Amino acid sequence: MDVAINALPFLWEGLLVTLHVSALVVVIALAIGLVLGLGLTYGPRWIYWPIRLYSDILRGIPVPVLIFAVYYLLPVIGWNIDGFTAAVSALAAFETARVLEVTRGAIQSIHPGQTDAGQAIGLTFSQRMIYVIFPQALRRFLPPWINSVVDTVKGSSLVSFVSIVELTLAIQQVIGRTFEPMPLYILGMAIYFAINFTLSTASRRLEARFAYIRE
């Protein structure tokens with residue numbers, strides 16, 4: 001146990017990197033994914049097909065392969081980026097594809113009669129979105145989106161593939177010096193559990209917060 005306690009300062013630095021990567025990926029993916037999800041649902045055909053192609057390709061590529069592709073292929077075309085930027089870009093691109101599909105699914109799950117009713121009382125497209133569709137879609141968007149956020153926190157360990165020292169790699173480096181893996185892996189599991197349990201608890205509170213919304 002002393003090994004785990006002595007390693008805490010070093011693991012703390014790795015944890016900060018994990019949280020930094022996760023926050024960046026979640027914010028970027030949410031902002032772009034919502035826009036692309038709306039484009040996929042309501043956009044014209046010339047917008048629909050590029051977004052559909054992007055989603056299908058990104059979700060069909062394993063994330064480690066995507067990280068290596070960004071890290072090694074971009075310099076070939078003259079775009080040199082550091083490992084941290086490459087890893088965050090790859091994770092954000094993958095997560096964006098998930099968010100846009102969650103957005104599309106949440107919106108399309110609303111019965112078309114809701115849109116027809118809005119049109120019947122003279123609401124514009126924007127008004128129908130703000131007052132009719134979005135409030136109902138939000139309840140259906142939150143659970144899968146929170147799940148994807150939890151997956152992002154766990155998947156942030158993949159940035160170690162390009163030598164970024166996050167929590168998992170920090171644990172492995174300490175184990176390499178102490179040769180005592182058990183207490184450090186138990187500590188690592190406890191830290192990841194604490195983060196994701198907090199997210200799950202927040203998710204349940206958000207779902208309860210918007211549970212009053214009914215179709």
Side-chain angles (χ1 to χ4, degrees), residues 14 17-110 129 133-134 137-169 192 195-196 199-200 202-203 206-207:
V17 174
T18 293
L19 296 176
H20 187 197
V21 169
S22 301
L24 284 175
V25 170
V26 168
V27 171
I28 294 171
L30 181 62
I32 301 176
L34 287 174
V35 174
L36 294 183
L38 289 172
L40 189 65
T41 307
Y42 296 110
R45 306 303 287 179
W46 64 269
I47 289 179
Y48 174 89
W49 285 112
I51 297 175
R52 169 53 58 208
L53 191 63
Y54 169 85
S55 175
D56 290 345
I57 290 175
L58 267 293
R59 288 185 301 132
I61 299 175
V63 179
V65 175
L66 192 60
I67 291 175
F68 284 131
V70 173
Y71 186 63
Y72 289 109
L73 291 183
L74 288 184
V76 174
I77 60 175
W79 189 3
N80 293 312
I81 59 176
D82 58 87
F84 183 85
T85 304
V88 169
S89 299
L91 288 172
F94 177 79
E95 187 61 21
T96 295
R98 298 178 66 180
V99 172
L100 78 87
E101 290 294 347
V102 171
T103 303
R104 178 195 60 78
I107 293 175
Q108 290 184 344
S109 67
I110 306 303
M129 291 296 103
I133 303 300
F134 286 162
L138 180 61
R139 291 181 57 222
R140 304 179 182 193
F141 173 85
L142 283 175
W145 178 67
I146 293 293
N147 284 336
S148 74
V149 172
V150 171
D151 287 342
T152 298
V153 174
K154 292 184 289 187
S156 65
S157 63
L158 296 175
V159 302
S160 62
F161 287 2
V162 288
S163 302
I164 304 300
V165 182
E166 42 66 61
L167 181 58
T168 302
L169 183 56
Y192 277 114
I195 296 171
N196 290 322
L199 289 172
S200 298
S203 168
L206 275 176
E207 290 175 39

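Computed from a predicted model, the values in this text were never measured in an experiment.
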Please list every donor-acceptor pair under 3.5 Å in which a side-chain atom of residues 59-66 meets a protein atom from a residue at least two apart or in another chain.
residue	atom	partner	partner atom	Å
Arg59	NE	Ser55	O	3.4
Arg59	NE	Ser55	OG	3.0
Arg59	NH2	Asp56	OD1	3.4

Next on the checklist: List the residues meeting side-chain hydrogen bond (donor to acceptor under 3.5 Å, both in side chains) with Thr85, not counting sequence neighbours, and say none if there are none.
Outcome noted: Asp82
Item to check | Ser203: partners by side-chain hydrogen bond (donor to acceptor under 3.5 Å, both in side chains), with sequence neighbours left out | outcome: Glu207
Looking only at non-hydrogen atoms, find the nearest pair between [X] and [Y] and report the distance.
| X | Y | value |
| --- | --- | --- |
| Ala93 | Tyr54 | O-OH, 2.8 Å |
| Ile107 | Leu38 | CD1-CD2, 3.5 Å |
| Pro75 | Asn80 | CB-OD1, 3.2 Å |
| Ile110 | Ala137 | CD1-N, 3.9 Å |
| Phe84 | Val21 | CE1-CG2, 3.5 Å |

Nearest 0.5 angstrom please: [X] [atom1] to [Y] [atom2], how far?
| X | Y | atom1 | atom2 | result |
| --- | --- | --- | --- | --- |
| Leu138 | Ile133 | CG | CD1 | 13.0 Å |
| Ile81 | Leu74 | CD1 | CG | 5.0 Å |
| Thr152 | Leu91 | OG1 | CG | 7.5 Å |
| Leu34 | Ile32 | CG | CD1 | 10.5 Å |

Next on the checklist: What I'd like to find out is whether the side chain of Leu36 reaches to under 4.5 Å of the side chain of Thr103, using heavy atoms alone.
Outcome noted: no
Checklist entry - Side chains of Val70 and Ile67: does their closest heavy-atom pair fall under 4.5 Å? => result no
Next on the checklist: Could you walk me through whether Val17 and Leu167 satisfy the side-chain contact (heavy atoms from CB on, under 4.5 Å) test, starting with their C-alpha distance in whole Å, then the side-chain angles of each, then the deciding distance to 0.1 Å, before giving a yes or no?
Outcome noted: CA-CA 7 Å; Val17 174; Leu167 181 58; over 6 Å; no
Checklist entry - According to the salt bridge (Lys or Arg N to Asp or Glu O under 4.0 Å) rule, which pairs have a member within residues 152-167, sequence neighbours left out? => result Asp151-Lys154
Item to check | Residue pair Thr96, Leu58: steps toward the side-chain contact (heavy atoms from CB on, under 4.5 Å) verdict | outcome: CA-CA 9 Å; Thr96 295; Leu58 267 293; over 6 Å; no
Checklist entry - Charged N to carboxylate O below 4.0 Å: is that the case for Arg104 and Glu101? => result yes
Checklist entry - Which pairs count as side-chain hydrogen bond (donor to acceptor under 3.5 Å, both in side chains) when at least one residue sits in residues 26-48, sequence neighbours excluded? => result none
Next on the checklist: So, using ring-ring contact (aromatic ring centres under 6.0 Å, His included) as the criterion, who are the partners of Phe161 when residues are at least two apart?
Outcome noted: Phe68
Checklist outcome for this item: By ring-ring contact (aromatic ring centres under 6.0 Å, His included), Tyr192 pairs with (sequence neighbours left out) none
Please list every donor-acceptor pair under 3.5 Å in which a side-chain atom of residues 143-150 meets a protein atom from a residue at least two apart or in another chain.
residue	atom	partner	partner atom	Å
Asn147	ND2	Pro143	O	3.4
Ser148	OG	Glu95	OE2	2.8
Ser148	OG	Trp145	O	2.6

Checklist entry - Could you walk me through whether Leu169 and Val159 pass the side-chain contact (heavy atoms from CB on, under 4.5 Å) check? => result CA-CA 9 Å; Leu169 183 56; Val159 302; over 6 Å; no
Next on the checklist: Can you list everything that forms a side chain to side chain contact (heavy atoms under 4.5 Å, CB included) with Ser22? Sequence neighbours excluded, please.
Outcome noted: Thr18, Val153, Ser156
Checklist entry - Should Leu158 and Phe94 be marked as a side-chain contact (heavy atoms from CB on, under 4.5 Å) after you check the CA-CA gap, both sets of side-chain angles, and the distance that decides it? => result CA-CA 13 Å; Leu158 296 175; Phe94 177 79; over 6 Å; no
